[in-house]
Amino acid sequence: MLIATFNINGVKARLESLVSWLKDANPDVCCLQEIKSQDEAFPKQPLEDIGYNVVTHGQKGFNGVAILSKRPLEEVKRGLPGDDADVQSRYLEAVIPLKKGVVRVAAIYLPNGNPPETEKYTYKLAWMDRLCLHARGLLELEEPLVIAGDYNVIPTPDDAKRPEAWVNDALFLPRTRERFRTLVHTGFIDAVRLTHCGKGPFTFWDYQAGAWRRDDGIRIDHILLSSQAADLLVATRVDKYVRGQDKASDHVPVLVELRE
DNA sequence: ATGCCGGGCGAAGCCCGA
């Protein structure tokens with residue numbers, strides 16, 4: 001059971017390369033972020049044609065998440081609970097059958113939060129508090145749970161090529177990292193960090209200033225596993241090569257393999 | 001350098017991302 005997360009940075013602009021990568025990697029489940037599409041405009045058909053069921057939670061122009069799955073998607077829930085006034089599409093959850101039992105998968109696009117002295121950062125911190133509260137409830141189900149997505153959090157200095165460049169950034173400020181730790185300590189395993197020591201692996205390289213050429217990346221796309229999911233963990237992978245392709249997203253896919 | 005690149009929107013130039 002291969003589960004992926006990929007911030008696609010516009011699904012319509014990236015459809016061809018997304019389909020190409022899906023055919024190569026062949027994940028059973030793929031969480032997408034920044035689809036930048038309303039639900040009715042999402043290009044479902046090309047993805048259904050290669051074997052995926054598709055659920056989306058989009059909005060016009062920005063944000064938006066989706067889950068692709070070769071298996072049925074059940075108990076689909078759109079939106080992060082805890083703030084009825086929040087109109088941004090950043091959370092989508094579904095239950096997917098395993099050979100035995102199920103896995104619950106949540107696709108998240110956590111707010112960027114820059115610049116930090118504005119309400120954008122307040123919104124980010126509040127969103128993280130809501131995610132932590134919701135995740136705590138999901139953990140009580142005591143089932144395999146995977147929360148995958150663009151967390152917009154650099155958890156530690158090892159997660160950036162040049163951590164000193166990020167010290168005043170919403171992705172790396174102490175209050176951001178503190179909330180990420182709180183979430184993890186609620187009862188999750190950071191799957192990629194469990195399986196990689198030292199610097200990286202990075203999942204994002206800015207389009208600007210030759211960041212990709214200089215390998216000046218950060219690790220902000222994460223897959224958190226409940227203990228029941230972590231018990232099934234076989235391997236993790238970051239498909240870095242995708243960043244070097246023409247018209248690439250600024251993020252690359254991150255994957256976990258779970259045994260069944 | 002409150003920029004550099006790139007997508008969306010909508011039809012030029014601004015908003016947003018990280």
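Here is how names work: the chains are called A, B, and so on, in the same order as the sequence lines, proteins then strands, and each is numbered from 1.
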If the [atom1] atom of [N] is compared with that of [M], how far apart are they to the nearest Å?
{"N": "B/dG6", "M": "B/dG10", "atom1": "P", "value": "23 Å"}
{"N": "B/dA12", "M": "B/dG7", "atom1": "C1'", "value": "16 Å"}
{"N": "B/dA18", "M": "B/dG13", "atom1": "P", "value": "26 Å"}
{"N": "B/dA1", "M": "B/dC16", "atom1": "P", "value": "23 Å"}

Report all side-chain donor-acceptor pairs from residues 251-260 of chain A shorter than 3.5 Å, counting only partners two or more places apart or in another chain.
from: A/His251; atom 1: ND1; to: A/Asp221; atom 2: OD1; distance (Å): 3.2
from: A/His251; atom 1: ND1; to: A/Asp221; atom 2: OD2; distance (Å): 2.8
from: A/His251; atom 1: NE2; to: A/Asn7; atom 2: ND2; distance (Å): 3.4
from: A/Arg259; atom 1: NH1; to: A/Asp231; atom 2: O; distance (Å): 3.1
from: A/Glu260; atom 1: OE1; to: A/Arg71; atom 2: NH1; distance (Å): 3.0
from: A/Glu260; atom 1: OE1; to: A/Lys99; atom 2: N; distance (Å): 2.7
from: A/Glu260; atom 1: OE2; to: A/Arg71; atom 2: NH1; distance (Å): 3.4
from: A/Glu260; atom 1: OE2; to: A/Arg71; atom 2: NH2; distance (Å): 2.7

Looking at A/Lys161, A/Lys199, A/Arg162, A/Arg243, which hits salt bridge (charged side-chain N to carboxylate O under 4.0 Å, His left out) with A/Asp216?
A/Arg162
Under the side chain to side chain contact (heavy atoms under 4.5 Å, CB included) test, residues paired with [X] that sit two or more places apart:
{"X": "A/Lys23", "value": "A/Val19, A/Ile50"}
{"X": "A/Phe42", "value": "A/Val11, A/Leu32, A/Ile35, A/Ser37, A/Lys44, A/Leu47, A/Val54, A/Thr56, A/Ala66"}
{"X": "A/Ser17", "value": "A/Arg14"}

Using atom [atom1] of [X] as one end and atom [atom2] of [N] as the other, report the distance to the nearest whole Å.
{"X": "A/Leu32", "N": "B/dG7", "atom1": "CG", "atom2": "P", "value": "17 Å"}
{"X": "A/Ile8", "N": "B/dG8", "atom1": "CD1", "atom2": "C1'", "value": "15 Å"}
{"X": "A/Asp246", "N": "B/dC5", "atom1": "CG", "atom2": "P", "value": "17 Å"}
{"X": "A/Phe42", "N": "B/dG8", "atom1": "CZ", "atom2": "C1'", "value": "16 Å"}
{"X": "A/Arg14", "N": "B/dG8", "atom1": "CZ", "atom2": "C1'", "value": "12 Å"}
{"X": "A/Arg243", "N": "B/dC5", "atom1": "CZ", "atom2": "C1'", "value": "9 Å"}

Apply ring pair (Phe, Tyr, Trp, His ring centres under 6.0 Å) to A/Tyr151 and list each qualifying residue two or more places apart in sequence or on a separate chain.
A/Phe180, A/His222
Indicate, with a heavy-atom threshold strictly under 4.0 Å, whether A/Ala209 touches base, sugar-phosphate, or nothing.
base
Would you call A/Arg193-A/Asp158 a salt bridge at under 4.0 Å N-O?
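Judged by the 4.0 Å cut-off on N to carboxylate O distance, A/Arg193 and A/Asp158 do not form a salt bridge.
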Starting at the 5' end of nucleotides 11-18 of chain B, put B wherever the base has a protein heavy atom under 4.0 Å, S where only the sugar-phosphate does, and a dash everywhere else.
-----SSB
